Structures are given as structure tokens and as C-alpha cells.
Amino acid sequence: MTAERSATGAGRDLDVVVLGATGLTGRLVARHLHERSRATGARWAVAGRSPDRLAAVLDELGAPDVPSLVVDLRDGPALERVARRTRVVLDLAGPYSSTADAVVAACVRGGASYVDLSGEVPAVARTVRTWHGPARRAGVRVVQVSGYEALPADLAVLLACRRAEEADAAGGPASAQVAEGPRADGPPTDGPGAEGPFGDGPGAAGPVVAVAVTSTARPPRRRIGLSDAVSGGTLQSLVEVLGDEDARVAGDPAALVPDARAARRVRRRSPLALRPRVVHGRVLGPVIPAAFIDPPVLHRTAALLAAERGVPHSPAALAEGVEMGAAGGPAGALSLLAAAASSGLQAGVLALTRLPAPVRRRLAAALGRTLPGSGSGPRGDVLEGWTWSVRAEALTRSGARGTALLEGTGHPGYLATARMVAEVGLLLARTAEDPPRTGHLTPALAVGLDGLPELAHAGLVLRA
């Protein structure tokens, strides 16, 4: 272990700092860390601009002894001082397009790992280009899109591909398509280089050529309004994407694959698809809140694993969807209509990102003033009572298949996401002195298959 890497874990008085702890998701993250610290002994702190609001968060939790760090996102030296005190910074102070770079810079220079929830693909792509190399050299991890939008699908696909490769090596049966195949039971095992790639592996007789991901979400038995489903922070993040200088990147499935040749292969093999589909009698619509967030993450996981193995990245065809109901009868017609409406809305959002920059910026400014601001969104019992699942199925060239089913509880976009982010932070803190991987990582590669059981504390469990 180098002296530089050792410094990322040793001599720090904190394990995790929650930046942006006064926002909706930040408060939920703080609550989860407070509850888990009793079992883990983790040393954590909250950070933000307002000492009064930070104190109110801690009073609400009954945690007066938790440190409160006052810091402004525009104060680089102050952010670096925070980073030098902790192993991990959880950045909940979105939207991220204009703020994340300063926090990531402070973390890399201060030797702390960084985790956020950003679904702002153009901003994440810039972070990959700018900070992957420096983060690797500093021995730290930068992990973005670490909530429901990508983490469950990323882990499920990683495990499904691993199981497909194992089935292929064992001479598994051929299959014509990836859809609802047999489940592969048994716990995953992990080790250096053990994960199966979303593409070619060394000596693989049948690399993974197709992956299907299907998600479901069941709300509590009560009336759910728009503000109960989507927070102001999420809406403001979409506004940030629209106004971003690199907005056109938003619909690019290869946005997080910097190698130009590999990126072209991803776009050719696995273009983004928003249209509704019917699979085995069930209507599938585009992933909510945006179908363009996690494909770049999944393809980056594959590209990073291929690089680890020293082989070219051979992307698989990715098909995703959220289940919206049965396809038959009047109810099926309504399901198809809802799926088509969601497809049209998301296609419209992507079309706006292609407008001339001055037009986009004016539109983004107007929407930013009109839509609810950060901090608004679902609260109380609306956060509880949700159940959801993410199922991934992978098919190799020779027809062997692997599946993985993850199930979760709690509002997927907020309560479950907050718990996931907190658990990722705790896991990175525990491995800070000798991380298995460093650089700009995807959630699945930061957690690893051996870290998946830890996410049971976030309500996310492997069912099959």
C-alpha cells in the first residue's frame, strides 16, 4: 500500500460526512446513518451552509453530539478541509451540474472518496473525463448515480452476467431470447476480477450479447400525487440537464465510455430505446423518472471490467422497461396508453436537449423559476409502504442465460435511495485504507458482489 493511499483512511476523525444534510434526501440519509451508527460505530457528521438548519436536523434526530460542519460549496479550501477529516463525503447538495466538480476536486485532493445521486448525465460525463485518472492516483473512489436510478439495475446486471458466463462455461442450455428465463439460485461469490462483464471475458466461449432489465414499483395503498412521486430536487435536476452546455450527451448510452471506438460500438449495438413493448403479455414502458440515466452507467461498468481484464469492450444489447400492467383487455389498453405517454414525454425532453444553446438556457431558466425547488417532495407515510423489484437477465452468444432478482422497500426515489447512498458510504469508509478499485467507479463496481449483502440494511435484498 502506498503512503498516498494509506492517507485516505488513516488519521481521520470521521468516516462519513453528509453534505447537503438539510435537504429532503440529505435528512433521510442522516437519519439512516444515525440509526446504523449504533451497530457500526461509524463516526459521521452533517455539513452545509446554515448552522441553524444543520442544528435543526440533528435536533430532529435526537443526535446533538454529531458534529456539524458549516461549509459553502463555493469555498474550495473549506471543502478540502472537510475532505481531509473524513473517509467519505456523501454529496446530497444537488442539482450537481454547477456544484459537483468543486466537491469532487476537494475530495480527490483531500484523500476522501465521493458519492452522490446525480442523474445529470452530462455533468457525470465531465466528472469521468476530469477526475477518473486523478482519483485513481489518489487512491480514492468517485461514485455517482448511486440511488435507485442506477444502483439496483447495475448490481442486478453484474450478477446476471456473471451467472450467464458461469452457465456458459458449464455448458448451459441454449435459449432464443432474453425475457423470463429460469432463475439461477445461490449466493454470489466474489474476488479479484471475479465479476462477469457485460461483454467479452478472457477465454469466454459465449460472451454476453444481450441483457434485459425489468423493474416494478408498487406504491402504498393510498392516493399518490405528483409531489409524492417526484421531488422538486428531481425536477430541478432535469432543468439542469436542459441548461447544461453538454445537454446533447443526455441521450447517449455511451456518455460514460470515454474511449471513442468503444463508445461507437455501444451506440451501434445498444442505442437508447424509449418505445413501449409487450413482453410475455406485460406492458413495459420506459424507465421512470428517465430512461436515459442508467444505460450509460451499465455500459461503463462493462467497459471498466473489460479494461481490468485487458480485453476490448464488446457491448451487449440492452433492453429496459418498467412493468405497467397486463397487455390484454381494457386495462391493457390503458397500460399501453400510459406507456406511450411516458415514452412521448421522455422523447420530448430529449428533443429539447437538441435545441440551440441560447434557447435551451432561456427555457431552463424559465422552468427553474416555475417548477418546485429543491427540498420539496414526499414526506411522512408516503415514503413507507412501497415495494419494488429489479430483474436482470443476460444471454450469452451460445445461449446460456443468467438471471438476478433484487427486491426493495420504501419509496424508491427517496427513502430507499437515501438508505442505499448511506450504505454505500459506510462500505467505502470500511474499505478506505485498501480499496479493491479506485477512480471514477459505477455503483456496482464500488459495492462489488461481495458487498451486496450489506445493502440488506437499505432494504435491498437478492431474491434469486
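Since this is a predicted model, take the numbers as computed values, not measurements. Along the sequence shown, the residues carry numbers beginning at 1.
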Got a sec, which residues hit salt bridge (charged side-chain N to carboxylate O under 4.0 Å, His left out) with Arg126, two or more places apart in sequence or on another chain? Asp244, Asp246
If you count heavy atoms of other groups shown closer than 6.0 angstrom to CZ of Arg275, is the number above 12? no
In terms of side-chain geometry, is the basic nitrogen of Arg261 or Asp259 positioned less than 4.0 Å from the acidic oxygen of its partner? no
Please examine the side chains of Thr409 and Trp386, heavy atoms only from C-beta on, and report whether any two atoms are closer than 4.5 Å. no
Are Leu69 and Val17 close enough that some pair of their side-chain heavy atoms sits under 4.5 Å apart? yes
Is there side-chain contact between His440 and Val124, with heavy atoms separated by less than 4.5 Å? yes
For a quick check under 3.5 Å, do Gln144 and Ser118 share a side-chain donor-acceptor pair by atom type? no
Has Ser342 got a side-chain atom pairing as donor or acceptor with Ala338's backbone, closer than 3.5 angstrom? no
Test item: Trp388 side-chain N/O and Gly410 main-chain N/O as donor-acceptor pair under 3.5 Å: yes
Go through the steps for Leu284 and Val278 under the test side chain to side chain contact (heavy atoms under 4.5 Å, CB included), then give the verdict. CA-CA 6 Å; Leu284 300 182; Val278 176; over 6 Å; no
Taking the side chain as every heavy atom from C-beta outward, state whether Val115 and Val89 have any pair of such atoms under 4.5 Å apart. no
Do you know which two heavy atoms are closest between Ala262 and Val257, and how far apart they sit? CB-CG1, 3.8 Å
Could you check if a side-chain atom of Leu318 sits within less than 4.5 angstrom of a side-chain atom of Pro253, using non-hydrogen atoms only? no
Looking only at heavy atoms, which two atoms of Leu367 and Val239 are closest? And how far apart? CB-CG2, 3.9 Å
For Pro220, is there any backbone N or O sitting under 3.5 Å from a side-chain donor or acceptor partner on Glu384? no
If we ignore hydrogens and angles and just use 3.5 Å, is the side chain of Arg360 paired with the main-chain N or O of Leu355 as donor and acceptor? yes
Check for a donor-acceptor pair, side chain of Thr396 on one end and backbone N or O of Val208 on the other, with a separation under 3.5 Å. no
Say whether His32 and Glu423, considering side chains only, have a donor N or O and an acceptor N or O under 3.5 Å apart. yes
Answer yes or no: is there an ion pair linking Arg109 with Glu80, defined by an N-O contact shorter than 4.0 Å? no
Verify, without hydrogens or angle tests, whether Arg141 (side chain) and Ser113 (backbone) share a donor-acceptor contact under 3.5 angstrom. no
Just verifying a value: how many Å separate Leu455 CG and Leu155 CG, rounded to the nearest 0.5 Å? 6.5 Å
Just by distance, no angles: are the side chains of Thr216 and Ser389 close enough, under 3.5 Å, to form a donor-acceptor pair? yes
Among pairs that include at least one residue of residues 106-137, which meet ring pair (Phe, Tyr, Trp, His ring centres under 6.0 Å), considering only residues two or more places apart or in two chains? none
Distance from Asp116 atom CG to Leu92 atom CG, nearest 0.5 Å? 8.5 Å
Could you go through the side chain to side chain contact (heavy atoms under 4.5 Å, CB included) check for Leu352 and Val359 one step at a time? CA-CA 9 Å; Leu352 292 178; Val359 177; over 6 Å; no
Residue pair Leu73 / Ala93: nearest heavy atoms and the distance that separates them: CD1-CB, 3.8 Å
For the pair Arg397 (side chain) and Pro207 (backbone), establish whether a donor and an acceptor sit closer than 3.5 Å, ignoring hydrogens and angles. no
Provide the closest heavy-atom pair for Ala255 versus Ala125 in the form atom of the first, atom of the second, distance. O-CB, 3.5 Å
What is the distance from atom CG of Leu151 to atom CG of Leu460, rounded to the nearest 0.5 Å? 7.0 Å
Distance col, row Ile288:CD1 vs Met324:CE, nearest 0.5 angstrom, shows 5.0 Å
Using the rule given for side chain to side chain contact (heavy atoms under 4.5 Å, CB included), can you reason through His299 versus Leu256, listing the C-alpha separation, both sets of side-chain angles and the distance that settles it, and then say yes or no? CA-CA 8 Å; His299 287 295; Leu256 307 185; over 6 Å; no
Grab the two heavy atoms, one from Leu427 and one from Gly451, that are nearest each other, plus how far apart they are. CD1-CA, 3.9 Å
Could you list all the ring pair (Phe, Tyr, Trp, His ring centres under 6.0 Å) pairs where at least one residue sits in residues 77-96, not counting sequence neighbours? none
Do Glu323 and Ser335 have side chains that get closer than 4.5 Å, going by heavy atoms? no
Evaluation steps, side chain to side chain contact (heavy atoms under 4.5 Å, CB included), between Val211 and Cys161: CA-CA 8 Å; Val211 170; Cys161 288; 4.0 Å; yes
Are Val143 and Thr442 side-chain neighbours, meaning at least one heavy-atom pair lies under 4.5 Å? no
Does Glu60 pair with Arg31 as a salt bridge, N-O distance under 4.0 Å? no
Heavy-atom check, side chain of Glu320 versus side chain of Pro295, under 4.5 Å: yes
Relative to each other, are the rings of Trp44 and His34 parallel, tilted or perpendicular (30° and 60° limits)? tilted
Closest non-hydrogen atoms of Pro315 and Arg269, given as atom of the first, atom of the second and distance, are O-CG, 3.3 Å
Can you tell me how far CE of Met420 sits from NE2 of His457, rounded to the nearest 0.5 angstrom? 14.5 Å
Between Asp294 and Val297 (side chain of the first, backbone of the second, donor and acceptor by atom type, cut-off under 3.5 Å), is there such a pair? no
Using a 3.5 Å distance criterion without hydrogens, assess whether the side chain of Thr86 forms a donor-acceptor pair with backbone atoms of Val82. no
Tell me whether the count of non-hydrogen atoms from other residues, nucleotides or ligands lying under 6.0 Å of CZ in Arg267 goes above 12. yes
Rounded at 0.5 Å granularity, tell me how far CG in Leu298 sits from CG in Asp154. 5.5 Å
Donor-acceptor contact below 3.5 Å, side chain Thr353 vs main chain Leu350: yes
Asp15/Arg87 salt bridge by N-O under 4.0 Å criterion: yes
